[in-house]
J.: 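Okay, here's the structure, questions in a sec.
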Amino acid sequence: RLLDAKTEKYSGLKNRLKMPDSLKLEQETRYYSSWHYGAVHVLISIKEFQTRDVLAAKLNVPLPKIDEILAFLTDAGLCKKEGQKYQLLRSQLHLDKSSPLISKHHVNWRLRGLLAFDENEDTQLHYSSVFTVSKKDYSRVREVLSKALAEAFKIITPSPEEEGAVICLDLFKL
């Protein structure tokens, strides 16, 4: 049992990626209701996307919705308004895998990913595969992907804010 607990702690992405706690439940419910909240949240860390008009144009979202999102992010302590610009106060959130909102969070970004297919840019990476593998090797593949995420976050965390980006990674058994 102790070994199982240590394995779970080690394999948990929150611990591996050293992510902070998330928001209060009421705030989490709203934040994770749509991909728009996370998108606005991360984009305001980039100087060119710190105004409501530019955010609305970038995300193709109506100004009233952007205003609603910015008001929420401000009230939640994730950003603050200075003149016409919004400044990021807290950059990272983590939703625990046991949260009832976790499936909504993943679905939101998969839906946004579907929109990205239509953009068909060379800079995007989309990959889907169905395969068979031994039970032992399934665990090895999971470990490789977890390590790849940890390595990616070592690059992402100190990287200057210039582009908004999304990672969606799924590995599951049929």
Side-chain angles (χ1 to χ4, degrees), residues 1-2 4-46 49-56 58-82 84-116 142-143 145-159 161 163-173:
R1 293 264 185 228
L2 181 59
D4 289 342
K6 285 186 177 188
T7 301
E8 177 62 27
K9 181 178 179 180
Y10 178 72
S11 66
L13 288 177
K14 180 179 181 181
N15 293 321
R16 180 171 281 187
L17 302 179
K18 297 178 176 58
M19 297 298 253
D21 290 331
S22 192
L23 303 167
K24 296 175 187 168
L25 181 58
E26 182 180 308
Q27 293 170 326
E28 279 185 343
T29 302
R30 185 142 174 216
Y31 187 94
Y32 295 106
S33 69
S34 167
W35 63 265
H36 297 100
Y37 289 88
V40 170
H41 181 206
V42 300
L43 284 176
I44 59 176
S45 69
I46 303 170
F49 298 116
Q50 293 179 340
T51 63
R52 61 191 283 277
D53 295 329
V54 175
L55 286 165
K58 170 73 173 167
L59 297 172
N60 196 25
V61 173
L63 275 172
K65 180 68 175 174
I66 294 294
D67 290 338
E68 174 189 322
I69 293 167
L70 289 168
F72 167 78
L73 294 175
T74 302
D75 290 344
L78 300 175
C79 70
K80 66 179 179 177
K81 186 176 182 184
E82 291 185 355
Q84 298 302 309
K85 292 189 173 192
Y86 288 83
Q87 302 292 318
L88 189 67
L89 294 177
R90 184 174 169 196
S91 62
Q92 292 184 336
L93 297 177
H94 178 78
L95 186 62
D96 193 81
K97 69 180 181 179
S98 65
S99 170
L101 299 170
I102 197 70
S103 62
K104 178 73 171 154
H105 171 59
H106 289 299
V107 167
N108 286 339
W109 287 110
R110 269 42 173 211
L111 290 172
R112 178 58 185 93
L114 293 175
L115 295 174
R142 184 182 185 282
E143 183 63 23
L145 294 174
S146 294
K147 285 180 180 179
L149 281 175
E151 287 299 310
F153 271 85
K154 287 179 184 176
I155 296 167
I156 293 166
T157 302
S159 182
E161 293 86 2
E163 296 279 351
V166 177
I167 295 175
C168 294
L169 175 66
D170 301 298
L171 172 68
F172 56 93
K173 296 178 183 178

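Since the model is a prediction, treat every value here as computed from it, not as a measurement.
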J.: Please tell me if the side chains of K65 and I69 come closer than 4.5 Å, counting only heavy atoms from C-beta onward.
T.: yes
J.: Is any side-chain heavy atom of L93 closer than 4.5 Å to a side-chain heavy atom of L78?
T.: yes
J.: Determine the minimum heavy-atom distance between H36 and V61, stating which atoms define it.
T.: CD2-CG2, 3.3 Å
J.: When you check the side-chain N and O atoms of D96 and S98, is any donor under 3.5 Å from an acceptor?
T.: yes
J.: What are the two closest heavy atoms between A56 and L63, and how far apart are they?
T.: CB-CD2, 3.8 Å
J.: To the closest 0.5 Å, what do you measure between NZ (K173) and CG (L171)?
T.: 9.0 Å
J.: Test side-chain contact (heavy atoms from CB on, under 4.5 Å) on L111 and L115 and set out the steps.
T.: CA-CA 7 Å; L111 290 172; L115 295 174; over 6 Å; no
J.: Do NZ/NE/NH1/NH2 and the carboxylate oxygens of E151 and K154 come within less than 4.0 Å?
T.: yes
J.: I'd like to know if the side chain of S159 and the backbone of I156 have a donor-acceptor N/O pair within less than 3.5 Å.
T.: no
J.: Taking the side chain as everything from C-beta on, heavy atoms only, tell me whether L59 gets closer than 4.5 Å to F49.
T.: no
J.: Write down the atom of E28, the atom of S99, and the distance for their closest heavy-atom approach.
T.: OE1-OG, 4.4 Å
J.: Would you mind reporting whether T29 and L101 have side-chain heavy atoms less than 4.5 Å apart?
T.: yes
J.: If you compare all heavy atoms of N108 against all heavy atoms of S34, which two are closest, and at what distance to 0.1 Å?
T.: ND2-N, 3.4 Å
J.: On the 0 to 90° scale, with breaks at 30° and 60°, tag the H105-Y32 ring pair as parallel, tilted or perpendicular.
T.: perpendicular
J.: Check this for me, if you would: do R30 and E68 make a salt bridge, where the nitrogen-to-carboxylate-oxygen distance has to be below 4.0 angstrom?
T.: yes
J.: Is it the case that more than 12 heavy atoms not belonging to D53 sit under 6.0 Å from its CG atom?
T.: yes
J.: Which class fits the ring pair H41 and Y31: parallel under 30°, tilted 30 to 60°, perpendicular over 60°?
T.: perpendicular
J.: Going by heavy atoms in the side chains, are Y86 and L73 under 4.5 Å from each other?
T.: no
J.: Q92 versus T157: any side-chain heavy-atom pair under 4.5 Å?
T.: yes
J.: Less than 4.5 Å apart, side chain to side chain, heavy atoms only: is that true for L70 and R52?
T.: yes
J.: Please examine the side chains of I66 and K58, heavy atoms only from C-beta on, and report whether any two atoms are closer than 4.5 Å.
T.: no
J.: So, taking the atom named CD1 in I44 and the one named CG in L88, what distance separates them when rounded to the nearest 0.5 Å?
T.: 5.0 Å
J.: Quick one: does S45's side chain have a donor or acceptor within less than 3.5 Å of a partner on V42's backbone?
T.: yes
